[in-house]
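What follows is a set of notes on a single structure, which appears directly below.
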Amino acid sequence: MTRYTKPSIALLLVSAITACGNNGDNDNAAQDNVDLRFNDNTGQTGFEPDSSQSVITNAVNRGDDNDNDNDNGNGNGSGNGNGNGNNLRNNNRSPQGIPNNGNDRRNNARGQRNQNNGFGPIMVDNTEVRSFDGSGNNQAFNDWGSSFSHLQRIGEANYSDGTSSMIYTDKAGAREISNTIVNQEAGENIPNPFGTTDFSWQWGQFIDHDIDLTDGSADEPQDIPVPIGDRYFDPAGTGTAVIAFNRALFDPETGTDVTNVREQENEISSWIDGSMVYGSTDERAAALRVGPNSPFLKTSNGNLLPFNTESLVNANGPVPDPTTLFLAGDIRANEQVGLAAMHTLFVREHNRLANQLLANNPNADAESIFQAARRLVVAEIQIITYNEHLPSLIGAGAIPPYTGYDASVNPTIYNEFSAAAYRLGHSMVSEQLLRIGADGSSISEGPLALDQAFFRAPQLLRSENDIDPILRGLAMQVHQSIDVKVIHPLRNLLFGAPGSGGLDLTALNIQRGRDHGLPTYTRMREIMGLSPITDFSQISDDVTLNQSLQDAYGDVSKIDLWIGGLAEAPLTNQGSQMGELFQAILVKQFTELRDGDRFWYEIYLNDEELGLVENVTLATVIRNNTNIGNELQSNVFYANP
């Protein structure tokens, strides 16, 4: 492999990566003086802009969309649940609280690119640096991996009219399938047999928010009908209750005929480029920095995330005042407190590295320091993902060895990955988040019920050490098995109680797959070159599960991709928690994300920089930015025996 060679801004600081301890006070001190320190500096202030979502991995990240087909009662009920169903709809924002201005965001992103003849990377300190919106990574195809690109398809689109309409006519409704197959009773615990921890899904959500976001548009409601007498959504048996759902944002220039089918868009860059830390637009990136002459990211009191004082686009959930929520590179940072803790951790890591770099290079300009720290943080994220996260899910060695950059690979996120396979994390989440003290026991406040973690991060994280118990808890609790079962709070209480904003995440996943025109489970196996499934008995060794699938679908060829992929038995002989199909999709996507990235750390960093980061672990990053010490295991993705 050929590695770029370039001047280093005195990265003679192995301690910047490996020294353990709490650097929060030093970070704050540096930031307190940062504007004075760089006041007279005339270095570059930012990138030339390129433009521009659940593990609660991908579905929590996306808003709930809806279709407007009127195929039959299984597909698109609408009406009033008389208070028993979730019939609240805010046409100004999605259920995650994302403003319904996706068309404006798209037009702004593409308009800026067109106005500037494309953005792409620029030079800082004799080093080419990534664009924020992901454009220009591939020099021949400038828009590959950029924000508001179409999600790619591995297979053909599956719309009822061949163009854009959702398929419903002879399938069970999404909530009905959720009740029949996915139901995990309140209090039921199904821990995974691999010993992997909650960090497996929490890192998955964090990374998911780096590589994709496809929100719903209130212009296309396609509500999910609720079965009569549903225990949670229609207890009075009205038969009119629905779960609010909007169809996903799509390119309005698509969906015109069978040769130009509807294509959904990824609002953020597809690359593993730390966009959840730094943003996917020039505007957001600038808002996250202390100032144009500062190398530091903003923090609030307690070395926590800054607040959204400028009311930038954010997923605000049910919170009416957006300025009371945190601001991060990705708009979904407030979704649940574990995710907010991860965002906080990597803002601190950037500032810690910037502090160290500045100490070694007091005359360097702010932009050089900022970009050097950003470069190292992105490398750390890539390393943790491929060396720790993915092996914990799909087994060591599942991703083929790296052989260098391949300019022919388009790494733009696949629809089948985003809307199905990488939503596996929803099966992994437990009903509570542990909060653990340094002595290994629960803190006095006890664990946090998951339904109390949504959009409450600013209330739960008030001082510098408040993220510590959450991070220890994520490293201690063994996550739920990856299977078709999903816990009660995600199935019945997502973002609130039924009738008060509460949703069913699994029903949303099923509906989202139909909205995106995903191939069915059996068809996707054919597309991936796997052996065909022609009978329910071939799906799993679990006879009861196979019967439930048959009861719900009747015809094996009609099984939704997300359901079928989770129903498969894991490839335990390969050390994988995935079934055969989802394993293949994850391997394909993550291999292409690496191989198609011109800025992949192994060829982008110089030898000195590479030596600093190549042995980094998530445990190292945690110890360097919190008061957590050696009570934390060296690989936080596996529970201590």
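These figures come from a predicted structure and were not determined experimentally.
Side-chain N/O atoms of Ser147 and Ser280 include no donor and acceptor closer than 3.5 Å. Side-chain polar atoms of Asn137 and Asp597 form a donor-acceptor pair below 3.5 angstrom. Under the 3.5 Å distance criterion, with hydrogens and angles disregarded, a donor-acceptor pair is assigned to the side chains of Gln202 and Gln336. If you check the side chains of Gln583 and Ser576, you find a donor sitting under 3.5 Å from an acceptor. In the model, Ser269 has a side-chain atom that pairs as donor or acceptor with a side-chain atom of Asp273 under 3.5 Å. In the model, Trp144 has no side-chain atom that pairs as donor or acceptor with a side-chain atom of Ser149 under 3.5 Å. Side-chain contact annotation: Glu609 with Tyr604, donor-acceptor N/O pair under 3.5 Å absent.
In this pair, Phe346 and Phe206 present their aromatic rings tilted. The plane angle is within the 30 to 60° band.
For Phe199 against Met342, the heavy-atom pair with the smallest separation is CE2-SD, 3.7 Å. Closest of all the heavy-atom pairs between Thr254 and Arg262 is OG1-CA, 3.5 Å. When every heavy atom of Ala248 is checked against every heavy atom of His516, the shortest pair comes out as CB-NE2, 3.4 Å. Of all heavy-atom pairs between Ala407 and Asn138, the closest is O-ND2, 2.8 Å.
Applying the side chain to side chain contact (heavy atoms under 4.5 Å, CB included) rule to Ala373 yields the partners His350, Leu353, Ala354, Leu357; only residues at least two apart in sequence or on another chain are considered. By the side chain to side chain contact (heavy atoms under 4.5 Å, CB included) test, Glu388 pairs with Ile384, Thr617, Leu618, Asn635, Phe637, sequence neighbours left out.
Judged by the 6.0 Å distance and 45° axis criteria, Arg598 is not positioned over the aromatic ring of Tyr405. For the pair Arg594 and Tyr402, the cation-pi test (distance below 6.0 Å, angle within 45°) is failed.
Checked against the 6.0 Å centroid threshold, Trp600 and Tyr386 count as a close aromatic pair.
Checking side-chain atoms of Thr344 against main-chain N and O of Leu304 turns up no donor-acceptor pair under 3.5 Å.
Phe417 contributes atom CZ, which lies 9.5 Å from atom CD1 of Ile585 (distance to the nearest 0.5 angstrom). Considering CG of Asn355 and CZ of Arg352, their distance stands at 9.5 Å, rounded to 0.5 Å. Note that OG1 of Thr127 and CZ of Arg375 are 5.0 Å apart. Values are rounded to the nearest 0.5 Å. Expressed to the nearest 0.5 Å, how far CG of Leu327 lies from CG of Asn308 amounts to 4.5 Å. The CG atom of Asp330 sits 7.5 Å away from the CG atom of Leu339 when rounded to the nearest 0.5 Å. Taking CG from Leu561 and CZ from Arg514, the interatomic distance works out to 12.0 Å, rounded to the nearest 0.5 Å.
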Evaluation steps, ring pair (Phe, Tyr, Trp, His ring centres under 6.0 Å), between Phe326 and Phe307: CA-CA 4 Å; Phe326 290 135; Phe307 286 88; 5.0 Å; yes
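Comment: Glu367 engages Arg289 in a salt bridge, judged by a side-chain N to carboxylate O separation of less than 4.0 angstrom.
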